[in-house]
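What follows is one structure encoded as structure tokens, with my remarks underneath.
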Amino acid sequence: MPKQVVIPPGTGKPLAPYVPGTLADGILYVSGTLPLDAEANVVHAGDAAAQTRHVLETIRGVVEAAGGTMDDVTFNHVFLADWADYAAINAVYAEYFPGEKPARYCIQCGLVKPEARVEIAAIAHIGR
């Protein structure tokens, strides 16, 4: 089955050669998502919770554009700039995954935009 590129309406230009999502065989791969506006500027500087909400709303847009819901997300890769933000990120994350949680891992690392506190990539199984 061929892959399908998923680009929700209103998506800004990416920082590098990638697309927001790729759907293949019912599996959606959502690229690493930073808290960026349409002009690739970091939003909510210094506020890990607000940045996490922005990132998860962006991911929701990709998942819905592919025909799924956040309940279809099965795995998340969470990258944070500082472990001090872990509780704030988890509090917002739990709002988006209130029932059965997807598998995930979380690491601290440098992010491509220094003002960003969080980046999340996701995998969803659409139409399972």
Side-chain angles (χ1 to χ4, degrees):
M1 172 177 249
K3 68 181 181 181
Q4 173 188 345
V5 170
V6 179
I7 303 174
T11 298
K13 182 180 179 198
L15 295 174
Y18 65 88
V19 295
T22 302
L23 182 64
D25 292 328
I27 302 172
L28 174 67
Y29 302 91
V30 180
S31 293
T33 304
L34 290 161
L36 302 177
D37 63 17
E39 287 78 43
N41 298 307
V42 173
V43 297
H44 311 296
D47 187 340
Q51 286 190 357
T52 302
R53 185 172 272 71
H54 185 89
V55 165
L56 289 170
E57 283 298 322
T58 301
I59 289 171
R60 181 195 313 260
V62 176
V63 171
E64 289 178 353
T69 71
M70 292 298 271
D71 287 337
D72 295 318
V73 174
T74 57
F75 194 85
N76 286 306
H77 316 265
V78 181
F79 308 92
L80 55 102
D82 190 332
W83 285 117
D85 295 328
Y86 189 67
I89 289 167
N90 278 330
V92 174
Y93 183 93
E95 294 173 20
Y96 284 80
F97 303 103
E100 292 183 7
K101 311 291 186 248
R104 78 173 200 183
Y105 68 77
C106 183
I107 63 168
Q108 178 183 339
C109 62
L111 301 175
V112 70
K113 290 277 195 167
E115 313 85 42
R117 310 301 301 159
V118 64
E119 178 176 349
I120 302 173
I123 298 172
H125 288 249
I126 308 296
R128 36 181 179 131

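What you see is a predicted model, and the numbers here were worked out from it, not measured in a lab. Heads up: numbering here begins at 1 and tracks the sequence.
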Exercise. Are Leu56 and Val43 connected in a single hydrophobic cluster, I mean Ile/Leu/Val/Met/Phe/Trp/Tyr linked by side-chain heavy atoms less than 4.5 Å apart?
Worked result: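 They do not share one cluster, since no chain of ILVMFWY contacts under 4.5 Å joins Val43 to Leu56.
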Exercise. Same hydrophobic cluster for Val118 and Val42, using side-chain heavy-atom links shorter than 4.5 Å among ILVMFWY?
Worked result: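 Looking at the clustering, Val42 is in a separate group from Val118.
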Exercise. Can you name the side-chain contact (heavy atoms from CB on, under 4.5 Å) partners of Gln4, sequence neighbours left out?
Worked result: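 Counting only residues at least two positions away or on another chain, Gln4 forms a side-chain contact (heavy atoms from CB on, under 4.5 Å) with Leu23.
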Exercise. Glu119: what forms a side-chain contact (heavy atoms from CB on, under 4.5 Å) with it, not counting sequence neighbours?
Worked result: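 With sequence neighbours excluded, Glu119 shows a side-chain contact (heavy atoms from CB on, under 4.5 Å) to Leu34, Phe79, Leu111, given in chain and number order.
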Pair up each side-chain donor or acceptor in residues 11-22 with any protein partner under 3.5 Å, not counting sequence neighbours, and list the distances.
| residue | atom | partner | partner atom | Å |
| --- | --- | --- | --- | --- |
| Thr11 | OG1 | Pro8 | O | 2.6 |

Exercise. Does Tyr93 have any ring pair (Phe, Tyr, Trp, His ring centres under 6.0 Å) partners at least two apart in sequence or in another chain, and if so, which?
Worked result: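 Counting only residues at least two positions away or on another chain, Tyr93 forms a ring pair (Phe, Tyr, Trp, His ring centres under 6.0 Å) with Phe97.
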Rounded distance [0.5 Å steps], [atom1] in [X] versus [atom2] in [Y]:
{"X": "Ile126", "Y": "Glu64", "atom1": "CD1", "atom2": "CD", "answer": "10.0 Å"}
{"X": "Asn76", "Y": "Ile120", "atom1": "CG", "atom2": "CD1", "answer": "6.0 Å"}
{"X": "Gln51", "Y": "Leu36", "atom1": "CD", "atom2": "CG", "answer": "9.0 Å"}

Contacts of type side-chain hydrogen bond (donor to acceptor under 3.5 Å, both in side chains), residue [X], not counting sequence neighbours:
{"X": "Glu95", "answer": "Arg53"}
{"X": "Asp47", "answer": "none"}
{"X": "Tyr105", "answer": "His77"}

Exercise. Which pairs with one or both residues in residues 75-85 pass salt bridge (Lys or Arg N to Asp or Glu O under 4.0 Å), sequence neighbours excluded?
Worked result: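 Output for this query lists Asp82-Arg117, Asp85-Arg117.
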Problem set entry | Selection residues 99-115 - residue pairs positive for salt bridge (Lys or Arg N to Asp or Glu O under 4.0 Å), sequence neighbours left out |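 Sorted result for residues 99-115: empty, none.
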For this session: For Asp37, enumerate each residue passing the salt bridge (Lys or Arg N to Asp or Glu O under 4.0 Å) test, keeping only those at least two apart in sequence or located in another chain.
Result: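 Listed in chain order: nothing, the list is empty.
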Between [X] and [Y], which heavy-atom pair has the shortest distance, and what is it?
{"X": "Pro102", "Y": "Phe75", "answer": "CB-N, 3.8 Å"}
{"X": "Gly10", "Y": "Ala38", "answer": "O-CB, 4.4 Å"}
{"X": "Thr69", "Y": "Val63", "answer": "O-CG1, 3.3 Å"}

Problem set entry | Residue pairs involving residues 54-63 (criterion side-chain hydrogen bond (donor to acceptor under 3.5 Å, both in side chains); sequence neighbours excluded) |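 Qualifying pairs, neighbours excluded: Glu57-Arg60, Glu57-Tyr96.
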For this session: For a side-chain contact (heavy atoms from CB on, under 4.5 Å) with Leu28, tell me which candidate from Asp72, Val62, Ile123, Val73 qualifies.
Result: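 So, applying the side-chain contact (heavy atoms from CB on, under 4.5 Å) to Leu28 and each of Asp72, Val62, Ile123, Val73, only Val62 qualifies.
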